[in-house]
Amino acid sequence: MVVILLLLGLLGLYTLGNISRSATEINYTITSSYSQAHMTLAEHLQKLEAKMYGAFWCDHCNQEKEMFGQGTWSQVNYIDCDAKGKNSPPDLCKAAKIKGFPTWEINGQLYLGQQSLQTLADLSDYKASHKF
């Protein structure tokens with residue numbers, strides 16, 4: 001029992017140490033390629049003023065970025081909610097009542113958790129090619 005408590009305590013300290021890192025210490029680079037369908041979906045979400053709320057240290061957020069691909073992700077309206085993030089507006093995240101990462105806001109509705117490109121297409125009424 002003591003060993004389990006000790007391990008849980010160490011895991012907690014490790015997690016806190018990772019979360020306290022700054023955005024400059026975690027420099028995530030998108031490496032995946034993209035198709036025209038990826039770009040068209042990103043542009044569609046941008047026109048709808050859809051937003052993805054996340055944090056620079058969030059693995060699921062980085063997986064979302066990777067799904068869009070290098071060169072396409074920049075079209076997505078991304079808001080880093082961690083005060084240590086680059087150009088972070090944490091007050092905007094509080095006002096939007098963001099409870100976890102990633103959270104997508106599409107047409108005024110919040111969708112918590114990682115979403116597939118197909119799901120984002122469906123939620124946003126995307127009509128073009130779905131060959132992601």
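The structure places OG of S33 at 7.5 Å from NE2 of H38, a figure rounded to the nearest 0.5 Å. Atoms CG and OH, on L117 and Y126 in that order, are 9.5 Å from each other to the nearest 0.5 Å. Once rounded to the nearest 0.5 Å, the distance linking OG1 of T72 with CD of E43 reads 8.5 Å. Rounded to the nearest 0.5 angstrom, T40 OG1 and Q75 CD are separated by 10.5 Å. E66 CD to Q63 CD: the interatomic distance, rounded to the nearest 0.5 Å, is 9.0 Å. From L45, atom CG reaches atom CD of E105 across 12.0 Å, with rounding to the nearest 0.5 Å.
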Please evaluate residues D122 and Q118 with respect to the criterion side-chain hydrogen bond (donor to acceptor under 3.5 Å, both in side chains), reporting the C-alpha separation (whole Å), side-chain torsions for both, the decisive distance (0.1 Å), and the verdict. CA-CA 6 Å; D122 293 343; Q118 182 62 51; 3.0 Å; yes
Hey, mind stepping through W73 and Y34 against ring pair (Phe, Tyr, Trp, His ring centres under 6.0 Å) and telling me if it holds? CA-CA 9 Å; W73 175 249; Y34 66 93; over 10 Å; no
query: side-chain hydrogen bond (donor to acceptor under 3.5 Å, both in side chains) between T31 and Q70: does it pass, once the steps are laid out?
result: CA-CA 6 Å; T31 59; Q70 188 179 45; over 6 Å; no
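Contact annotation: the side chain of Y78 never approaches that of E64 to less than 4.5 Å [non-hydrogen atoms, C-beta and beyond]. Side-chain contact between C93 and I79 is present, with heavy atoms from C-beta onward closer than 4.5 Å. By the 4.5 Å heavy-atom criterion applied to side chains, L123 and N107 are not counted as neighbours. Within the 4.5 Å cutoff, the side chain of D82 has heavy atoms near those of the F56 side chain. The shortest side-chain heavy-atom distance between N87 and D80 does not fall under the 4.5 Å cut-off. Looking at heavy atoms from C-beta onward, S35 lies out of side-chain contact with K131 at the 4.5 angstrom threshold.
Considering all non-hydrogen atoms of both residues, P90 and C81 come closest at CB-O, 3.7 Å. Of all heavy-atom pairs spanning G69 and S32, the tightest one is CA-OG, 3.3 Å. Taking each heavy atom of C61 and G54 in turn, the nearest pair found is SG-CA, 3.6 Å.
Residues M39 and L120 do not share a hydrophobic cluster, defined by chaining ILVMFWY side chains whose heavy atoms lie under 4.5 Å apart. If you chain together hydrophobic residues whose side chains sit under 4.5 Å apart, M52 and M67 fall into the same group. Using a 4.5 Å cut-off between side-chain heavy atoms of Ile, Leu, Val, Met, Phe, Trp and Tyr, with links allowed through other members, L110 and F101 fall into the same hydrophobic cluster.
Counting heavy atoms of neighbouring residues, nucleotides and ligands inside a 6.0 Å radius, atom CD of E49 does not exceed 12 of them. Within a 6.0 Å radius of NE2 in H130, other residues, nucleotides and ligands contribute more than 12 heavy atoms.
Checked by atom type and distance alone, the side chain of H44 pairs as donor or acceptor with a backbone atom of S124 at under 3.5 Å. Checking side-chain atoms of S88 against main-chain N and O of K84 turns up no donor-acceptor pair under 3.5 Å.
The aromatic rings of W104 and F68 are tilted relative to each other, their planes meeting at an angle between 30° and 60°.
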